[in-house]
Amino acid sequence: MSIVKIGVLLSGSGSNFQQIINQVEAGTINGEIVVAISNKKEAYGLERASQKNIPCLFIDATKYSDDEYHECLLAELESKGVELVVLAGYIKILNKKFIDKYRHKIINIHPSLIPSFCGKKYYGIKVHQAAIAYGVKVSGATVHFVDEEADHGPIILQKVVEVIDQDTPESLAKRILSVEHEILPEAVRLYCEGRLVIEGRKVMIR
Ligand code: GRF
């Protein structure tokens, strides 16, 4: 199988991105990260890319209309021949044109068990605040393909994390993040081996 060209979009620390870098380097993922793009100038994920000589750039969404911003993103990804887009802590919503262009080729990680505590209102620490306030006994992480609705597309992998009485949103976020670090690279690995088959909302692992 040919090596899959991966483009990463991120907005923050990029610890999930780092796990993908590590597994590409280790040869576990049959892919090459050809570009990392951030919509936040200060995102540490850009530094992680530079350290590994991965082409990276900041695109300032505030300087463009939403359509222009997405044109710009698409142009960058297409110029690098990106075949798989990984959202590794990317906080902007992708527009329809972008999703159509990369349908079933965009993977996102969300720090809850979708369909709980997900969608536009739920990002960052808010996800874990909501889970604790609701009193759930388990939460977790979900990797899914991206469609037009936030945190909604076909689910690839999920992993459960127990919520304990003493949990704060921060302590829960920390335990869930370490699970994210397992399942995001695992989903990317499966994708790059051509092992994910989508049938409606279901993703079969072959
Ligand atoms: C993760 O919890 C991810 O699920 C969420 O944002 C966080 C990003 O962490 N979307 P990092 O930038 O990968 O460290």
Side-chain angles (χ1 to χ4, degrees), residues 1 3-40 42-58 77 80 82-92 94 102 104-114 117-118 122-125 127-128 138-146 151 153-162 169-196 203 205:
M1 250 198 106
I3 287 181
V4 176
K5 291 187 175 170
I6 302 169
V8 174
L9 304 185
L10 53 87
S11 306
S13 132
S15 67
N16 279 291
F17 173 40
Q18 186 67 52
Q19 301 305 314
I20 298 168
I21 295 175
N22 295 351
Q23 295 208 19
V24 166
E25 274 187 352
T28 324
I29 290 175
N30 177 40
E32 178 193 359
I33 305 167
V34 294
V35 68
I37 304 176
S38 173
N39 66 320
K40 297 279 178 199
E42 67 286 357
Y44 185 68
L46 290 175
E47 176 60 30
R48 294 181 196 269
S50 307
Q51 283 169 7
K52 297 290 178 179
N53 293 318
I54 296 168
C56 61
L57 67 152
F58 155 61
L77 297 173
K80 296 280 192 309
V82 167
E83 298 160 297
L84 170 68
V85 179
V86 178
L87 310 186
Y90 179 68
I91 52 162
K92 268 185 79 64
L94 294 169
Y102 278 101
H104 295 162
K105 294 176 180 171
I106 311 169
I107 287 177
N108 182 42
I109 177 87
H110 182 75
S112 77
L113 295 173
I114 290 175
F117 313 116
C118 62
Y122 295 99
Y123 56 88
I125 202 71
V127 179
H128 310 293
V138 292
S139 188
T142 303
V143 188
H144 66 97
F145 285 110
V146 171
D151 304 323
I155 291 170
I156 304 169
L157 294 172
Q158 292 188 299
K159 193 158 180 183
V160 172
V161 170
E162 227 176 294
E170 290 73 20
S171 67
L172 182 58
K174 197 171 164 199
R175 290 207 308 292
I176 291 179
L177 188 62
S178 66
V179 160
E180 294 179 48
H181 292 167
E182 290 172 36
I183 65 171
L184 180 61
E186 174 65 3
V188 173
R189 181 181 74 79
L190 292 167
Y191 182 93
C192 292
E193 290 173 7
R195 293 177 55 196
L196 300 179
V203 180
I205 300 172

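Worth saying up front: this structure is predicted, and the values here are computed from it rather than measured.
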Open item on the list: Measuring from atom CD1 of Ile114 to atom CG of Asp151, what distance do you get when rounded to the nearest 0.5 angstrom?
Closed with: 4.5 Å
TODO: To the nearest 0.5 Å, tell me how far Leu77 CG sits from Tyr102 OH.
DONE: 5.0 Å
Task: side chain to side chain contact (heavy atoms under 4.5 Å, CB included) between Gln23 and Val188, worked out - done: CA-CA 10 Å; Gln23 295 208 19; Val188 173; over 6 Å; no
Task: Pairwise side-chain contact, Ser38 with Cys56, heavy-atom cut-off 4.5 Å (strictly under) - done: no
Task: Atom pair CG (Leu87) and CG (Asn16), whose distance is rounded to the nearest 0.5 Å - done: 11.0 Å
Open item on the list: Measuring from atom CD of Glu42 to atom OG of Ser11, what distance do you get when rounded to the nearest 0.5 angstrom?
Closed with: 9.5 Å
- [ ] Using a strict 4.0 Å threshold on nitrogen-to-oxygen distance, state whether Glu193 and Arg189 make a salt bridge.
- [x] yes
TODO: Taking all heavy atoms of Ala141 and all of Ile176, pick out the closest pair and write down the distance.
DONE: CB-CG2, 4.1 Å
Task: Minimum side-chain heavy-atom gap Ile156-Tyr191 below 4.5 Å - done: no
- [ ] Give the C-alpha distance, both sets of side-chain angles, the deciding distance and a yes or no for side chain to side chain contact (heavy atoms under 4.5 Å, CB included) between Ile107 and Phe145.
- [x] CA-CA 5 Å; Ile107 287 177; Phe145 285 110; 4.0 Å; yes
Task: Note, Arg48 side chain near Ser13 side chain (heavy atom, < 4.5 Å) - done: yes
TODO: Would you please test Ile205 and Leu157 for side chain to side chain contact (heavy atoms under 4.5 Å, CB included) and show each step?
DONE: CA-CA 10 Å; Ile205 300 172; Leu157 294 172; 3.8 Å; yes
Task: Glu47 versus Gln51, side-chain donor and acceptor atoms under 3.5 Å - done: yes
- [ ] Hey, could you give me the OG/CZ distance between Ser139 and Arg175, rounded to the nearest 0.5 Å?
- [x] 9.5 Å
Task: Any Val179 side-chain heavy atom under 4.5 Å of Val160 side chain - done: no
TODO: Please examine the side chains of Leu184 and Gln19, heavy atoms only from C-beta on, and report whether any two atoms are closer than 4.5 Å.
DONE: no
TODO: Taking all heavy atoms of Leu46 and all of Ala36, pick out the closest pair and write down the distance.
DONE: CD2-O, 4.2 Å
TODO: Give, for atom OH of Tyr44 and atom CG of Leu10, the distance between the pair rounded to the nearest 0.5 Å.
DONE: 12.5 Å
Task: Val143: which of Leu190, Ile183, Asn108 passes side-chain contact (heavy atoms from CB on, under 4.5 Å) - done: Ile183
Open item on the list: Treating His110 as the side-chain partner and Phe117 as the backbone partner, does any N or O pair qualify as donor plus acceptor under 3.5 Å?
Closed with: yes
Task: Lys105 NZ: over 12 foreign heavy atoms closer than 6.0 Å - done: no
Open item on the list: Ignoring hydrogens, what is the shortest heavy-atom contact between Pro111 and Val127? Give both atom names and the distance.
Closed with: O-CG1, 3.4 Å
Task: Min side-chain heavy-atom separation Leu9-Leu94 under 4.5 Å - done: yes
TODO: Taking atom NZ of Lys5 as the centre, report whether more than 12 heavy atoms of other residues, nucleotides or ligands fall under 6.0 Å from it.
DONE: no
Open item on the list: I'd like to check Phe17 versus Ile54 (side-chain heavy atoms, cut-off strictly below 4.5 Å). Are they in contact?
Closed with: yes
Task: Shortest non-hydrogen contact from Leu196 toward Ala187 - done: CD1-O, 3.9 Å
Task: Contact summary for Ala173 and Ile125, nearest pair of heavy atoms - done: CB-CD1, 4.2 Å
Open item on the list: To check you understand the geometry: which heavy-atom pair defines the closest contact between Val24 and Glu32, and what is its length?
Closed with: CG1-CA, 4.5 Å
Open item on the list: Would the distance check show the side chain of Thr142 and the main-chain N or O of Ser112 forming a donor-acceptor pair, the cut-off being under 3.5 Å?
Closed with: yes
TODO: With the side chain counted from C-beta on, respond yes when Leu177 and Glu180 share a heavy-atom pair under 4.5 Å apart, and no when they do not.
DONE: yes
